[in-house]
Amino acid sequence: MNTFRIALANLRFPATPEESVSLTEQAIADASSRRANLICFPECFIPGYRGPGKAVPPPDTKFLEGAWASIAQAAAKANVAVVLSTERIVADKLLATALVINRDGTIAGFQDKVQLDPSEDGVYSPGSGRTLFQSCDLKFGVVICHEGWRYPETVRWAVRKGAHIVFHPHFGEAEPGSYVPSTFGDPANSFHEKAALCRAAENTCYFATVNFASPGCPTTSAIVRPDGTLMGYQPYGVEGLLVNEIDIDQATGLLAGRYKQIEMGFS
């Protein structure tokens, strides 16, 4: 077995941007103590996702750059790679993004959110392009929230490029009157967790989805095996790290590799 140990940070929504940094640094240290090689955080954890009812201060490049530098130092100290869900300003536009930090604290690059949920059109701007990352023997992609739920092509792209796992930072909180699940993939719940199973099975890859911990949350953090079966999930609304060891050799990308491009023509 060629194993790699990952951690998903199922944390509460930060009360302030400063708390988002301290929670991140503590989670990295905790991941190291549990022998994780990499940790992934929920969508826009730094400084906080700009969702309805969230009083996140205006975008601040100076704060973001300082936060990234501090977290990179924490990653190097812990010897843990980080998929840090955050935001960045590019050409005066605010992008939801994931900053990937190597285990030595160097920056591997960004994966911006390309496919926005319609509700985000007035908040974030869409990015462009996709990137494949690597930590030791593990190759991985990142798809952010709506992308992974509604655009399976984003996952397939990464796997066809060689990804063994695709990380899926997302934001999901209970809405008034919404169903409150207690088990992963509950048939009475929305389609979202079932989609996570499909993203893994249809590509023969691991799929790791990570949400915030909140009361009544409709989805939780989970890891899905390449055959579409559930490896493990974090109890709903419970703060903590979901840590598990994956076998890289099982993520063959077989089904993604067999995909044949559809010819868009009409007779």
Side-chain angles (χ1 to χ4, degrees), residues 6-28 30-31 36 38-51 54 56 59-61 63-72 74-75 80-90 94-102 107-117 120 123-127 130-131 133 135 140-149 154-155 158 165-173 192 196 207-214 217 219-223 234 239 241-242:
I6 64 171
L8 305 182
N10 199 84
L11 305 178
R12 68 181 181 273
F13 195 96
T16 64
E18 291 72 23
E19 187 184 44
S20 73
V21 177
S22 61
L23 289 174
T24 298
E25 292 175 342
Q26 182 59 57
I28 292 170
D30 291 346
L38 180 151
I39 184 170
C40 180
F41 290 84
E43 183 175 15
C44 293
F45 193 77
I46 303 284
Y49 178 74
R50 299 179 183 278
K54 300 298 184 186
V56 181
D60 184 340
T61 296
F63 166 79
L64 291 170
E65 291 177 347
W68 300 340
S70 178
I71 291 164
V80 174
V82 179
V83 178
L84 179 66
S85 301
T86 182
E87 64 184 28
R88 65 178 181 146
I89 300 169
V90 178
L94 182 65
L95 308 182
T97 192
L99 168 64
V100 177
I101 303 170
N102 296 316
I107 303 303
F110 290 92
Q111 176 59 69
D112 298 326
K113 188 174 186 178
V114 178
Q115 302 289 345
L116 298 181
D117 185 272
E120 297 171 325
V123 181
Y124 300 104
S125 293
R130 308 215 70 85
T131 303
F133 301 95
S135 180
F140 62 94
V142 181
V143 300
I144 302 174
C145 200
H146 185 68
E147 296 184 311
W149 301 136
T154 59
V155 177
I165 187 170
V166 175
F167 291 98
H168 179 238
H170 72 278
F171 169 87
E173 286 190 345
H192 294 85
F207 191 78
T209 184
V210 53
N211 192 16
F212 295 83
S214 63
C217 56
T219 59
T220 190
S221 301
I223 303 168
Q234 180 72 3
E239 283 193 77
L241 301 186
L242 176 64

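Residue indices begin at 1 and follow the sequence shown. None of these values were measured; they are calculated from a predicted model.
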Interatomic distance, [X] atom [atom1] to [Y] atom [atom2] [nearest 0.5 angstrom]:
{"X": "T219", "Y": "F212", "atom1": "OG1", "atom2": "CZ", "value": "10.5 Å"}
{"X": "I101", "Y": "S135", "atom1": "CD1", "atom2": "OG", "value": "12.0 Å"}
{"X": "I107", "Y": "L84", "atom1": "CD1", "atom2": "CG", "value": "9.0 Å"}
{"X": "I28", "Y": "L23", "atom1": "CD1", "atom2": "CG", "value": "11.0 Å"}
{"X": "D60", "Y": "E65", "atom1": "CG", "atom2": "CD", "value": "9.5 Å"}
{"X": "E87", "Y": "L64", "atom1": "CD", "atom2": "CG", "value": "5.5 Å"}

Between [X] and [Y], is there a donor-acceptor pair closer than 3.5 Å when you use the side chain of the first and the backbone of the second?
{"X": "Q111", "Y": "T131", "answer": "yes"}
{"X": "R88", "Y": "T61", "answer": "no"}
{"X": "S22", "Y": "E19", "answer": "yes"}
{"X": "E147", "Y": "V143", "answer": "no"}

I would like to know whether V21 and F63 meet side-chain contact (heavy atoms from CB on, under 4.5 Å); could you show each step before the answer? CA-CA 10 Å; V21 177; F63 166 79; 3.9 Å; yes
Is there a side-chain contact (heavy atoms from CB on, under 4.5 Å) between T154 and V114? Walk through the geometry before answering. CA-CA 9 Å; T154 59; V114 178; over 6 Å; no
Can you name the residues that form a side chain to side chain contact (heavy atoms under 4.5 Å, CB included) with L242, not counting sequence neighbours? L8, I223, Q234
In terms of the angle between their ring planes, are H170 and H168 parallel, tilted or perpendicular, with boundaries placed at 30° and 60°? parallel
If you compare all heavy atoms of [X] against all heavy atoms of [Y], which two are closest, and at what distance to 0.1 Å?
{"X": "S20", "Y": "P47", "result": "OG-CA, 3.8 Å"}
{"X": "L241", "Y": "A31", "result": "CD1-N, 3.5 Å"}
{"X": "A213", "Y": "N10", "result": "CB-ND2, 3.4 Å"}
{"X": "S221", "Y": "N211", "result": "OG-N, 3.0 Å"}
{"X": "F207", "Y": "I165", "result": "N-CG1, 4.3 Å"}
{"X": "A158", "Y": "V166", "result": "CB-CG2, 4.0 Å"}

Side chain to side chain contact (heavy atoms under 4.5 Å, CB included) test vs V83 passes for just one of F140, F41, F133, namely F140
Under a 4.5 Å cut-off applied to non-hydrogen side-chain atoms, are [X] and [Y] in contact?
{"X": "I89", "Y": "L95", "result": "no"}
{"X": "P42", "Y": "F171", "result": "no"}
{"X": "K113", "Y": "E43", "result": "yes"}
{"X": "S85", "Y": "I144", "result": "no"}
{"X": "Y49", "Y": "V123", "result": "no"}

Test side-chain contact (heavy atoms from CB on, under 4.5 Å) on L94 and R50; report intermediate values, then the result. CA-CA 11 Å; L94 182 65; R50 299 179 183 278; 3.7 Å; yes
Those residues at least two apart in sequence (or on a different chain) that pass side chain to side chain donor-acceptor pair (under 3.5 Å) with E239 are R12
If the condition is side chain to side chain donor-acceptor pair (under 3.5 Å), which residues does W68 pass it with, not counting sequence neighbours? T86
Donor on one side chain, acceptor on other, T97 and D112, under 3.5 Å: yes
